[in-house]
Amino acid sequence: MTVRTRFAPSPTGFLHIGGARTALFSWAYARRHGGSFILRIEDTDVARSTPEAVQAILDGMQWLGLAHDEGPFYQMQRMNRYKEVIGEMLAAGTAYHCYTSREELDALRAEQEARKEKPRYDGRWRPETGKEFPAPPSGIAPVVRFRNPQDGIVAWDDQVKGRIEFANCELDDFIIARADGTPTYNFCVVVDDHDMKITHVIRGDDHVNNTPRQINLLRALGAPVPEYGHLSMILGDDGQKLSKRHGAVSVMQYDDQGYLPEAVLNYLARLGWSHGDEEIFSMEQFVRWFDLDHITASAAQFNTEKLNWLNAHYLKQADPQRLAAEAGKRLVRQGVSFEAGPDASRVATLHRDRVANLNELADAMHPYFAPPTPTPELVAQHLTEPALKGLAALRTRLADCAWQAAELGQAVKQTATEAGMKMPQLAIPLRVVLLGLPQSPSIDAVLEVLGRERVLSRLEQALQS
RNA sequence: GUCCCUAUCGUCUAGAGGCCUAGGACAAUACCCUUUCACGGUAUGAACCGGGGUUCGAAUCCCCGUGGGGACGCCA
């Protein structure tokens with residue numbers, strides 16, 4: 001049997017971190033077993049679905065590199081198929097028309113809640129042998145309800161949570177087609193999962209309660225029941241649940257914040273899944289190791305600090321060209337270009353292991369490509385008389401120094417010694433002059449990368465004022 | 001209210017009845033490295049929700065409680 005998984009978001013917003021992890025796990029499971037990963041857009045909620053949201057989801061998937069093998073399929077384009085199946089169910093008696101109005105339903109719910117019962121449809125239009133019905137009220141377009149079994153239990157062996165059972169009497173006859181004829185969620189999912197031959201449904205925890213209904217529907221259709229694996233939710237950094245109002249952000253926002261997709265992926269993979277003590281691994285390794293047995297059944301709290309650590313790790317080993325390009329994109333937005341500056345990938349190499357994200361990298365690279373702008377406090381604190389004297393001597397020495405880190409380092413050291421200064425007493429003012437900051441990578445490396453001309457002119461500038 | 005799920009360091013987790021004096025990682029703390037800031041290295045502190053069982057033996061199995069979460073739509 002070929003494994004077929006799917007990711008089925010509804011396009012009512014961006015792809016957030018929880019959805020991304022669900023997609024990642026579904027994708028990895030298919031990859032792991034040489035199967036297919038299908039993308040399906042569940043856009044039957046016409047009022048809330050938007051093309052922008054579809055695009056946002058596609059963008060998020062692409063940024064993460066989670067490529068689908070089939071699709072995207074759009075449920076709105078499958079209406080005829082749904083209607084066909086509804087017709088079949090009506091004919092087979094596994095579904096029926098219900099003329100209960102919304103007002104009656106509201107009243108029913110209110111009564112049940114008053115009696116502290118679980119609100120549910122009472123089956124008043126459910127056909128039973130020997131049951132008499134009034135004439136269908138005119139002017140009310142009926143909905144179609146699924147004739148759910150009333151006895152026994154529905155159970156499945158959840159791939160992450162273990163065996164889950166529901167008593168059928170807890171389930172009511174839910175609506176599968178609205179009064180206007182459009183099918184509803186549980187129904188579309190079942191028809192699609194069946195038609196698309198999905199073998200493993202990996203989805204969020206919030207669908208556990210839908211699963212028994214879907215299984216019953218599948219059985220009514222005579223369709224095989226796939227395996228189900230329900231992923232617990234991801235909580236925010238503060239332990240609160242994520243929602244549009246609270247902490248749920250688009251995966252693309254991680255891009256904005258300077259995270260590398262491989263860091264986000266590695267973090268997400270490790271959130272709710274484990275492989276012994278492994279913390280850092282590539283997607284190739286992840287796919288090789290991934291299994292449903294090692295997924296945690298309980299909710300996990302998102303930890304930005306650990307993501308930061310992973311991001312810093314991947315930054316350290318990322319290709320300098322790529323880092324330079326990413327930092328460049330960010331600098332251009334600030335009106336800074338690489339045009340007249342030093343080799344950007346060398347600058348990136350100098351800074352990539354001292355920053356936690358691409359935005360910090362861009363900030364660190366900024367003064368190499370634009371005039372440094374030390375604060376007045378820094379100037380006052382570091383560009384003192386003795387420091388300036390030292391810098392003047394250094395400028396002279398640098399003018400005809402071989403432009404290589406070792407020599408440059410020697411030059412700084414000697415200048416400091418001759419001026420009776422400790423290294424930091426000269427190196428820090430030099431940093432302020434060259435980069436506008438009191439800290440930087442090793443000063444000899446900074447000098448080398450910045451280049452003779454820029455160094456000398458920046459020194460000149462500082463000594464004149 | 002009803003149903004369903006869930007519970008190991010602050011956080012992510014390892015743990016399939018004896019390998020547990022409960023392991024790793026992030027974070028924290030200390031020290032080392034060092035021309036600054038970082039990186040890095042070393043070390044330290046830090047947990048089995050509570051109560052009952054089962055068993056020679058329970059973090060691991062069962063029950064009850066408690067906490068947390070989800071669901072109960074002509075949303076998905």
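Atom set for the values below is all heavy atoms of this structure, side chains included, hydrogens, waters and symmetry mates excluded. Within every chain, numbering begins at 1; the chains are lettered A, B, ... in the order of the sequence lines, protein sequences first and strands thereafter. What you are looking at is a predicted structure, and each value in this text was computed from that prediction instead of being measured.
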Worksheet entry | Whole-angstrom distance between U54(B) and G15(B), as gauged at atom P | 29 Å

Practice prompt. Respond yes when some side-chain nitrogen or oxygen of Ser440(A) is under 4.0 Å from OP1 or OP2 of U36(B), and no when none is.
Written response: no

Discussion item. Do His366(A) and Asp363(A) pair up side chain to side chain, a donor and an acceptor below 3.5 Å, judged on atom types alone?
Written reply: no

Worksheet item: If you check the Glu42(A) side chain, which of C74(B), A27(B), A76(B) turns out closest?
Response: A76(B)

Worksheet entry | C1' gap between G45(B) and C39(B), integer Å | 24 Å

Discussion item. Could you tell me how far A16(B) sits from A22(B) if I compare only their C1' atoms? Round to whole Å.
Written reply: 16 Å

Worksheet item: Reckon Glu165(A) touches a base, only the sugar-phosphate, or nothing at all at heavy-atom distances under 4.0 Å?
Response: sugar-phosphate

Discussion item. Categorize Thr44(A) for me: base, sugar-phosphate, or nothing, with a 4.0 angstrom heavy-atom threshold over every strand shown.
Written reply: sugar-phosphate

Discussion item. Classify Phe166(A) by what it touches in the nucleic acid, base, sugar-phosphate, or nothing, heavy-atom distance under 4.0 Å.
Written reply: sugar-phosphate

Practice prompt. Considering just the side-chain nitrogens and oxygens of Lys316(A), establish if one lies under 4.0 Å of OP1 or OP2 belonging to G40(B).
Written response: yes

Worksheet item: For Leu271(A), which contact category applies under a 4.0 Å heavy-atom criterion: base, sugar-phosphate, or nothing?
Response: sugar-phosphate

Worksheet item: How far does the P atom of A38(B) sit from the matching atom of U29(B), given to the nearest Å?
Response: 12 Å

Worksheet entry | Donor-acceptor side-chain pairing of Tyr254(A) and Asn311(A) below 3.5 angstrom | no

Worksheet item: Looking across every strand, which nucleic acid part, if any, lies under 4.0 Å from Thr417(A) by heavy atom: base, sugar-phosphate, or nothing?
Response: nothing

Discussion item. So His207(A), base contact, sugar-phosphate only, or nothing? Heavy-atom distance under 4.0 Å.
Written reply: base

Item to complete: Any chance you could measure Leu391(A), atom CG, to Leu383(A), atom CG, to the nearest 0.5 Å?
Response: 7.0 Å

Worksheet item: With sugar-phosphate meaning primed atoms plus P, OP1 and OP2, does Val143(A) contact a base, only sugar-phosphate, or nothing at under 4.0 Å between heavy atoms?
Response: base

Fill in: salt_bridge(Arg109(A), Glu113(A)) N-O dist < 4.0 Å
no

Item to complete: Check the side chains of Gln55(A) and Asp59(A) for a donor-acceptor pair under 3.5 angstrom, ignoring hydrogens and angles.
Response: yes

Practice prompt. Take atom P in G52(B) and the same atom in U44(B), then report the distance between them in whole Å.
Written response: 35 Å

Worksheet entry | Arg213(A) side-chain N/O to G73(B) phosphate OP1/OP2 under 4.0 Å | no

Worksheet item: U2(B) and U60(B): how far apart are their P atoms, nearest whole angstrom?
Response: 28 Å

Worksheet item: Which part of the nucleic acid does Arg120(A) contact within heavy-atom distance under 4.0 Å: base, sugar-phosphate only, or nothing?
Response: nothing

Practice prompt. Determine the contact category for Asn210(A): base if any of its heavy atoms lies under 4.0 Å from a base atom, sugar-phosphate if only primed atoms, P, OP1 or OP2 are that close, otherwise nothing.
Written response: base

Worksheet item: Which is true for Ala179(A) with a 4.0 Å heavy-atom rule: it touches a base, it touches only sugar-phosphate, or it touches nothing?
Response: base

Discussion item. Taking the C1' atom in each of C26(B) and C49(B), what is the distance between them to the nearest angstrom?
Written reply: 24 Å

Item to complete: Check side-chain hydrogen bond (donor to acceptor under 3.5 Å, both in side chains) between Tyr99(A) and all other residues, then give those that pass, not counting sequence neighbours.
Response: none

Item to complete: Between C61(B) and G1(B), how far apart are the P atoms? Round to whole Å, please.
Response: 29 Å

Fill in: Presence of Thr296(A) side-chain N/O under 4.0 Å of U13(B) phosphate oxygens OP1/OP2
yes

Worksheet item: How would you label the contact of Gly204(A) with the nucleic acid (heavy atoms, under 4.0 Å): base, sugar-phosphate, or nothing?
Response: nothing

